[in-house]
Structure formats: C-alpha cells, structure tokens
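In what follows, a single structure is set out as structure tokens and then discussed.
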Amino acid sequence: MASTDPTTSDALLKSYRYVEGWGMSVGHLGRVLSPRSVEEVVAAFELARREGVSLGPRGTGNSYGDASLHSQGHVLDLSRMRGVLSWDATSGVAELEAGVTIEQLWKHILPDGRWPAVVSGTMFPTMGGAASMNIHGKNHYRVGGFGDQTLELDLVLPSGEVRTCDRERNAELFHAAIGGFGMLGVISRVKVRTKRVFSGELSVSAISVRNLREALEIMEARRADADYLVGWLDGFGTGDHLGRGLLHDARHLAEGEDPEPRRTLSIAHQELPHSILGFPKSQLWRILRLFNHDPGMRLVNALKHHAGRIQGLGEPERWTHAAFSFLLDYVPNWKWAYGRRGRRGLIQFQAFVPDAAAHEVLGGLFADGRDAGFVPYLAVLKRHRPDAFPLTHTLDGWSLALDFKVTPQGREALSACARRMTARVLDAQGRFYFAKDSLLRPEDVRRFLPAEALEGFAALKREHDPEHLLRTDLSRRVMGEWSSDQSANSA
Amino acid sequence: MSDRSEQDAQPEAGAGRRALVIGASSGIGRALVRQLAGEGYRVAALARRAEELATLEAEQREGQGERCGEVQPSAAGRVSGYVHDVRDLDAVDELFERVVRELGGLDLCIFAAGIMPPVGEDEFDTHKDTAMIEVNLAGCVAWLNPVARLFASQRGGTLVGISSVAGDRGRTKAPVYGATKAAMNTYLESLRNRLADSGVHVCTIKPGFVDTAMLGGAEDLPWVISAEIAARRILRAARRRVNVRYVPMRWWWVMAVIRSIPSWLFSKLRI
C-alpha cells in the first residue's frame, strides 16, 4: 500500500543526537526519525531506501545494551506513536499504538480494576519494545512473558504493507516478531490482555534467606500460590552466605479483601512519593553515587540484608502495585549513580538456567565475578517457564540478573569475565535475553537457539525484509551471518 | 561504536575536543576560533563570508595565527570553515548534523553571530530592526536548539552565547539590538535551567565595548578591549562554568548601577 510522496517524509520529525542503551555503556551519535503515524513509518522506509541506509527501531530505549542502537544508519524512534486505540474494561483487552508505555497503560486501566498482565521492573518501556524483546515480569513462571499476553499485532513491513498477525493469521510471523527485536517489521499496534484486580494493593511477604540454596528452595515451594516472586541477593555474601538475600512473595487481594478498592485503585494512591527522607527524588541519585563503589555497595547490601531479616519476621504488608512492580522507578535516574559520562554506566548480565543446574551455575556466576574482581551491585533472582516463540530467552528454570559497574579502565576485564560467565551458562544449556545483553556473538547465539529456529527466522527476514532495511547494532552483533552482508550500508 | 571521548566536556585542555563557533569570520568569533585552535580544539567555524573563512582556515593551516604563537605545526587542519548565513533557518538542522559528523562529536558551542547596524535616535526602521532579530535572536535559537538537544542527550557539553551589556537596559541608541540581547539572555537562562540536570553548562557572556568592526570606529568609548582579550576571558568563564559573565568584569558593577536607575530618571539621562 501507501506509495509515499516526498512531502510525507519531509514532514517526518528528525533530530541529530546521542542515542544510548539504557545501561549507558554503549551509544552513538545519529539521526533519529520520529514518525507519528503508520503513514510516517512507511515514509521512513521510503526515505531509508532513497538514501541507501537502514533503520533501527527504538522505543524509549530501555534495553540495557545495543538493542535500540543503530550506529550504521538512522534510528527509528517509535515513542511518539502513543495513542490508546481502544479499551474494553469488561473483557480487559487494550489496543494500543506501539509507543504507548507501560506507565500509560496502567494509568489508563487501573481505575477500571485492571492491571497489565505482564510488566517489567520499570514502567517506561513501550508496547512495541515489550513485544519485540518479549519482556517478562516477576510473574513469568505463572503467566509467561509479554508475548503470551499479546493477542494481536500489526507489523509495518519494509514494503509498506501493514500486516495484522495473531495466533491464526500469519501465525509464523506473529511468533517470530515477538522476541524478534524489530527485525521483521515495525510493530505499530498491539492488542494485549490485562488482569482483573480487586484492589490497588498487593499483599507482600518478605522472606529473609541465608544463601542461594535456601532462596531457590523457598521460591520453588511458593511458586504454586504466589502471584509474583522475586529474590534480591547480596552479591557480597561469601561461603555459606553466598546468595543471601531477601525474597518477596506478592499476592493479589481477593474480591472484598480490600475495604476501599475505589481509593486504592486510584492513580493518586499509586503515585510514588516525591521525596524520600526529605531528599527530593530527582536528586537522590547523587546520594547513591556516594556509595557507588565496592565498599559502599558492600555496606548498602549488608544493611539491606539485615533490615530484611527484621522485615521478614513481620506480617505481610500491603504495597501498591506501582511500588511493588516498579521499584526501579522510585529513584529517577538512579543509574546516574554509576556515572553520567559516555561509556560509563552499567551492564546487566542476566542468565537463564535450567532448574536442575540452577544452584551450581548461579553460584558459579557469583564466583566467576568475584575471581575477576567484579561484584554485582544488584542481583535479582526470578523463576521462569518456557514459551512458544522461536527466539525465546526463557526456559523451565531460573534467571539471575547481575548489575556490574562499567568504567573505562575496567571495561575490557569485565567483558572477559562476562565471557567466562557466558560460557558457563551455555555449557549448562542456559539462555540469554537480548534486552539485557551486550556481549553475545553469533556463535554463542547458535548454542542456545536451535538451528531450525534461526533458519526459520532468517527465512522470514529474507521474505519480508530482503533489502535489510531493518537493522540494529544488536542484530549486526548477534546475527552476523544474515545481516553482515550489507554492513557497508552506512550513513 | 561511540567515538565520544572519555574526558569531561569542558573547554580546558582542548586536545581532542571539538568546538563549533557560529559567527566566526570577524570580531570576537574569529578571535575565539584562533584561540580554540591554539588550545588544540578541532573547530568548525561558521560564517557568511567565504573569503574570511578561507583566510582563517589558511592561517591556522600554516600555524601563523597572529595571536597564536603557541600553535604547533600539528594544528594543521584544525579549523574547518562552513559558509552559512544564520538567517537561513531551514538549512540549520542539516548543516548542524554535517558539522557534528565531520567533527566527530561536539563538546563546546559558541554563538557569536550578531549585527548592530547604526540606528539614529529618531530612526524607526523596521527593515533594519527585523534583520537584527533574524540574526541575533532567530539565528541563535535555530542553532542552539539542536545543540541543546544533542548536549542533553549526551549529558555533557558547554554552550556559550555572546550577548551584550546592551541587553540589560532599553537605551535610546539601540532599541532592537538591546531587545534581541535581552531576549537572548532569557533564552540562555531557560536553556541553562532546562539542561542543569543533564550536566550541560550554559554560559551567558555580556561583553562591554570590544574593538571590532561592530564598534564602527567609534571613539571615546570607555574600557575598550581587544577581541583577543575578550576571547580569552570568554573561554576562561566557560571553563569555570560561570553562568553569566560581564567582559571585562568591571561592567558588572557599572551595569548593576545602571540597572538600578529608576525609569523616570533613566529617561531623562539619555544614556
């Protein structure tokens, strides 16, 4: 459809700026095109074709690494397409433009007693990004990832055709686009399921654990009943305290359990506080920065562990959905504590490991880091289940996400350490998640994604994007063989 | 992947840093280009007059900048000229992208373009006046907007606007020149506040009388300084992350007095 006239592409919003991954450790200067409609997305493809460059789709840039970067072409910023197209409070199905954020969605639906079925630890990712990376939350073991809760999506193909995909129509394309990091077409619309909730609050129990084994055992035992499960682990614990930490088990309230659902379901009740202990939230990262080194983080983690031991003795508490789900958003720009200049920041190493190997491999990852002198400042444990998407990162097992500080001096050594950790995970039939990754190479990817899945994906790429108009730094890095043939295609 | 340097984006120790000077062919702008090149910056010099730019490029290539005895032969090619009229607003975004690509990034941007045609005390010439608005104000906004966006996105950079003491008070001799500078001051202050959280520094410079073509050879003016001295003071202020700086600094108290004169009295003084 839509043969575009140049006026549409002239009207495209353009800017030239620094574009970076959420972890700030990678970025580049580049031209950013910001379409506001499907027609303008098509115009952007036309423009790319005319100029002989490729486009890298990007939402709000919440992937840690290079998933939304494109240093060899233009960045296609879809965050301005943020219309809520339809919302049915009875069925709980929302139809949204790709740039709608999780924040926009929950604020739209919560007063109707609904909550997004799958949310990440931050509320700022877009629907397009959530589907492209197949994000997951603290309830992954129970409801699956974002893709499992997606009913339908529209893909704008590089040809200009808009193709609607679901589990019946274009089912192969649907499954490959979810988790396909934007390489098959630009997601312009999604239809997602949401969950009925009878309160704006959750009942949250804190459980202090002495080590990794206890963390795994308790989470496994609670898996059948808990709606959300997440473990924070202290990376500085050693020996018998390796993996000590604090688990949170959250349950939705049943109908009638909350005496004032109308109040708790209001947006005002969910809002995170503007100041914490008297400090304005926007400046809190400066305080965190004072602790952003090994001794400081050792102290912070230890304090948190011991506070958790006391907290764990108490009764379950009521937390708002926002406070429980989006803990990361409490302190705006907390990542700046890791440094604000280019190529400083953090990487997150997140490994997905089969259940049987979990204790050995996850413990081994802490040891690998420690041996190389890197201790994660934040470590998060979650339980997962497999899904049906060909480029999936998930499996029946566990994930451990480790945040490591990146400095210009330590960069190489950290990469080397992460490669050893990667090998350990791959040897144990583990997997990786492209939204977090910054290091995988094509040979690593071939070890955890089955050959037929990769071939099927490459065939779809050839069919729908034969000119390779869609690329990102991630695609060039991890899919070398089908995207490197035109890598001279630079701007 | 990123070729951004690890250093802080401050204009000290210019080696490896990249500066953009808009309005570079004469006066303070030209002196700034020479000085920055002398400090080791790679400088993109923008101006209307191609010949002046060519001269500036050539003199830096030969390491013969009259005030830059310290320039090493390795400074060759540090200054690249771009012919541009700041009134051509539609050309700005594309040229900005080209300049930054060719420099390989940007750490410092100085807007030094400005015109002050002579205006008689009984003259109300809209044509002359709008020309000043186009160059001094619209041009400034057109250039500093994309620069601000880039600096905010890279969380670093220093942005300098050459305003004037004339913006502090509405004088009989330069109604619109003063108005453009007052508007520029407010615009720069807003940018400073907008970008404060991203670690970007915005510096407003208010020069007094500087011995450039703009003075038109007027005599008997107080405290006239050379463009070279002005440039040195401007870069020092930017380096020290000063928000607003009078150049030379004694204008600060002079203007403090002038600003405090009530309007009923000011209108009788005909300053």
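Just so we're on the same page: letters track the sequence lines, and every chain starts at 1.
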Worksheet item: Should we say atom CZ of Arg194(B) is surrounded by more than 12 heavy atoms from elsewhere, each under 6.0 Å from it?
Response: no
Worksheet item: Take atom CH2 in Trp252(B); do more than 12 heavy atoms of anything else shown fall under 6.0 Å from it?
Response: no
Worksheet item: Counting only heavy atoms not in Phe291(A), do more than 12 sit closer than 6.0 Å to its CZ atom?
Response: no
Worksheet item: Please walk me through it: do Arg31(A) and Arg101(B) pass side-chain contact (heavy atoms from CB on, under 4.5 Å)?
Response: CA-CA 10 Å; Arg31(A) 189 187 300 174; Arg101(B) 272 189 204 284; 4.3 Å; yes
Worksheet item: How long is the gap from OG on Ser198(B) to CH2 on Trp336(A), to the nearest 0.5 Å?
Response: 6.0 Å
Worksheet entry | Atom CD of Gln409(A) with >12 non-hydrogen neighbours under 6.0 angstrom | yes
Fill in: Pairwise distance CZ(Arg155(B)) to CZ(Arg344(A)) - rounded to 0.5 angstrom
11.5 Å
Worksheet item: Got a sec: does the CD of Glu94(B) have more than 12 other heavy atoms crowding it under 6.0 Å?
Response: no
Discussion item. For Asp90(B), is the CG atom crowded, meaning more than 12 foreign heavy atoms sit under 6.0 Å from it?
Written reply: no
Worksheet item: Looking only at heavy atoms, which of residues 142-151 of chain B get nearer than 4.5 Å to chain A?
Response: Arg149(B), Leu150(B)
